[in-house]
Protein chains: 2
Amino acid sequence: MNEVKHISFFEVASKVLKALGHPERLRIVEYLQAGERNVGDIQREIGLSQPITSQHLRYMQRHNILTSRREGTRLYYFLASDLIRKLLDCMHSCKVSLDSGDMQVGDIFPEIKRSI
Amino acid sequence: MNEVKHISFFEVASKVLKALGHPERLRIVEYLQAGERNVGDIQREIGLSQPITSQHLRYMQRHNILTSRREGTRLYYFLASDLIRKLLDCMHSCKVSLDSGDMQVGDIFPEIKRSI
DNA sequence: GACATATATAGCAAAAACGCTATATTGGTG
DNA sequence: CACCAATATAGCGTTTTTGCTATATATGTC
């Protein structure tokens, strides 16, 4: 017994990337960078319906992006690992580069002329 | 006319993350960090069939992860943007943390006991 | 043009992701 | 226990992804 799962870094990392590869989920984890938030907070902040919000959160928990902690009737979700935090830092520094004009959106999506 | 597409950073970033969210594709882009390579090189290095290799490469080109350059009968693919390079650097530093033992795979995937 | 090599595409079936509505569960309070 | 607020799940139709086999296209050489 005592089965040991063998999984490469690429497997782990690609699962994480895939789970983050959704605009609303990315918004959610960015929001959670500031600290844990309960479902209602997240729902209001991101502007999604209750079921969709819950589904994204569950999905991310299943994919090891988030963990949760119950407090009475509320569920608080928070970032689950340092890999996630590192990735978000990286995304953030890219965002800053974009905003400051050091990098153009066209560098990433050539067909797009302008963006927010 | 002169339509201007409006797209947020989250949209751009999540598309990139999603496109990178596949183990073989992640292997491919990591391989391409060293510089451009043609389809045959990539196929042999990663160990995929020719059609699958081509499909992944096309997919990533469509999603602005890669660009290509033809040289005779060969097609050379290479990383398309600084965002990709930054992300890969980030992944790499996480990989190093994992390898050096500073970070445990269990920090990312709690149910996994051990990994390569 | 015939042929070889390198790469791309078509077509298909299985699986997964997505968004939605309706309904269920869980915990707290009286 | 009844009831409310917070959150999760079921079920469903649509779309996207994935991997595969077979076939097509493009380029170079003779």
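Residue numbers begin at 1 in each chain, while the letters A, B, ... track the order of the sequences.
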Is the shortest side-chain N to carboxylate O distance from [X] to [Y] below 4.0 Å?
| X | Y | answer |
| --- | --- | --- |
| D82(B) | R85(B) | yes |
| R27(A) | E11(B) | yes |
| R37(B) | E45(B) | no |

Check your understanding: Do any side-chain nitrogens or oxygens of H56(B) fall under 4.0 Å of OP1 or OP2 in dT18(D)?
Key -> no
**Study point:** dT9(C) phosphate, OP1 or OP2, under 4.0 Å from R58(B) side-chain N/O
**Key:** yes
Distance check needed: [N] [atom2] versus [X] [atom1], whole Å only.
| X | N | atom1 | atom2 | result |
| --- | --- | --- | --- | --- |
| L48(A) | dT7(D) | CG | C1' | 15 Å |
| I65(B) | dT17(D) | CD1 | P | 13 Å |
| L66(B) | dA8(C) | CG | P | 11 Å |
| R25(B) | dT18(D) | CZ | C1' | 9 Å |
| R37(A) | dT7(D) | CZ | P | 14 Å |
| R62(B) | dT9(C) | CZ | C1' | 11 Å |
| H63(B) | dT18(D) | NE2 | C1' | 13 Å |
| R69(B) | dA6(C) | CZ | P | 17 Å |

Check your understanding: Does Q50(B) make a side-chain donor-acceptor contact with the base of dA8(C), cut-off 3.5 Å?
Key ->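 Yes, the side chain and the base share a sub-3.5 Å donor-acceptor pair.
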Check your understanding: In terms of the nearest nucleotide of DNA chain C, which residue is placed more toward the 5' end: L75(B) or K18(B)?
Key -> L75(B)
Check your understanding: If each of I52(A) and Y76(B) is mapped to the nucleotide of DNA chain C with the nearest heavy atom, which maps nearer the 5' terminus, i.e. the 5' end?
Key ->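 First, find each residue's nearest nucleotide; the 5'-ward one identifies Y76(B).
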Can you tell me which nucleotide in [options] comes closest to the side chain of [X]?
| X | options | value |
| --- | --- | --- |
| S54(B) | dT9(C), dG19(D), dT27(D) | dT9(C) |
| Y59(B) | dT17(D), dG19(D), dG19(C) | dT17(D) |
| Q55(A) | dT21(C), dA6(D), dG19(D) | dT21(C) |
| H22(A) | dT18(D), dT9(D), dC18(C) | dC18(C) |
| P51(B) | dT7(C), dT21(D), dA6(D) | dT21(D) |
| T73(B) | dA8(C), dA6(C), dA6(D) | dA6(C) |

Review point. Taking the six-membered ring of F78(B), is the NZ or CZ of R69(B) close enough (under 6.0 Å from the centre) and on axis enough (within 45°)?
Key: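 Negative - R69(B) is either too far from the ring of F78(B) or too far off its axis.
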Exercise for review: Determine the sole option in I84(A), T67(A), V29(A), V16(A) for which the side chain to side chain contact (heavy atoms under 4.5 Å, CB included) test with M60(A) is passed.
Suggested key: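 Checked I84(A), T67(A), V29(A), V16(A) against M60(A); only one passes side chain to side chain contact (heavy atoms under 4.5 Å, CB included): V29(A).
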